[in-house]
Amino acid sequence: MLKIIPASEFRRRARMAMKPVMSVLILVALIAALPSLLSSTITLMTGATPDSLLTNTLNRTMQVMEKYGMQSTQTVEDMVIDEETLLAMEADLLAVTDGYMQDVDTFLRQKGPIMAATTLLVLVAGPVLTLGMINAMLHALRRKEFTVSMALSRLNCFFRVLGLQLLVILKTMLWMLPGMALMIAGLFVPAELIPTVMLGGMAGMLVPGIMANYRYAMAVYVMADTPETPILRCIRRSKEIMHRRKGELFCLELSFIGWSLLLSYVQAMLNGFGPVIGLALGMFASLFLTVYTNCAKTAFYQEYGVGPLPAPQVQAEQEPEADELN
């Protein structure tokens, strides 16, 4: 019979492991998050974000609608527009579209290299530092001593972890191919069948993709624990661990949704103390949740991938000798 351990037990084990070494784990998680933090900082300082382009385009579109007395709540039947006004409105909307394409072209020429460099930084440096963080959490769960330098303990796996991530992405995309093919086929079916075919294609992409994501979820933990394990063996071992346990890991991750919502609320509250203080405190709270979540998932790997940890032994107090009583 399949042994099922509730998510609350993995969270309890994570808290027990975190408690004596919380400050060290926070620093390790901070080092692992440095590529993402650096990328976000560079993006904000240089303005290399495409969000403003979409916002400006939406504002221009709303201005065109207001110019011709249209409201977003109107339906097509409610609109009474003569042909001349319709042609003018169409020309204005085309101008908005052309302006958006020009803005995108300018943005890519000016900010594209910065976006590419920051994205490459996260993709290249992030995985190997994540391995070090997982290794530190394994040490915490196994009650072994470690220092902040544990974050860099898997630098020798730099190219192998990149190969692992690339292979996992490729395998996940292969599982999604039938859904992609169905969506492409939806472009050539009669109009009345397009919504059904597209919906089926989307489901055919998402469901196998999510299943594949959980199937290979433990591969990075296997490599962090045993760095000498070949890439293909890490993937096979992950499939063995996750056999009939995908729902269990899903429930474990889902159990942190309350913490995520609380974190979002706290960050919104902290912004009232000023952007700098709010950012610093919000980052600390985010690091805590990162440590808590990943430590619970590491406990999941330890239980099903390695084996349950022995209970901590408590030394019984020795009874005094008879001579000591005299």
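It should be emphasised that the depicted structure is a prediction, and the values quoted were computed from it without experimental measurement.
- A pairwise comparison of heavy atoms in Pro208 and Ala203 identifies CD-O, 3.6 Å as the closest pair.
- The heavy-atom pair separating Val222 from Cys234 by the smallest distance is CG1-SG, 4.0 Å.
- No cation-pi contact links Arg11 to Tyr292, judged by a cut-off of 6.0 Å to the six-membered ring centre and 45° from its axis.
- When ring centroids are compared, Tyr304 and Phe300 come within the 6.0 Å threshold.
- In terms of heavy-atom proximity, Val189 sits nearest to Gly186 at CG2-O, 3.3 Å.
- Each of Met223, Arg233, Arg215, Met218 was scored for a side chain to side chain contact (heavy atoms under 4.5 Å, CB included) with Ser238, with one residue passing: Met218.
- Under the side chain to side chain contact (heavy atoms under 4.5 Å, CB included) test applied with Thr293, the options Phe288, Phe256, Trp259 reduce to a single match, Phe256.
- If you take CG on Leu170 and CD on Gln165, they are separated by 13.0 Å, rounding to the nearest 0.5 Å.
- When all heavy atoms of Ser153 and Gly132 are compared, the pair lying nearest together is OG-CA, 4.0 Å.
- Put simply, CD1 on Ile5 and CD on Glu303 are 3.5 Å apart, with the number rounded to the nearest 0.5 Å.
- No donor-acceptor contact under 3.5 angstrom links the side chains of Arg13 and Gln302, judged on distance only.
- Leu263 and Leu289 make their closest contact through CD2-CD2, 3.8 Å (heavy atoms, listed as atom of the first residue, atom of the second, distance).
- Between Tyr214 and Glu253, the side chains place a donor N or O and an acceptor N or O closer than 3.5 Å (distance only, hydrogens not considered).
- Taking every heavy atom of both residues into account, Ile134 and Ala224 meet most closely at CG2-CB, 3.7 Å.
- A salt bridge links Arg142 with Asp225: the closest approach of a Lys/Arg side-chain nitrogen to an acidic carboxylate oxygen falls below 4.0 angstrom.
- To the nearest 0.5 angstrom, Asn213 atom CG is 8.0 Å from Ile210 atom CD1.
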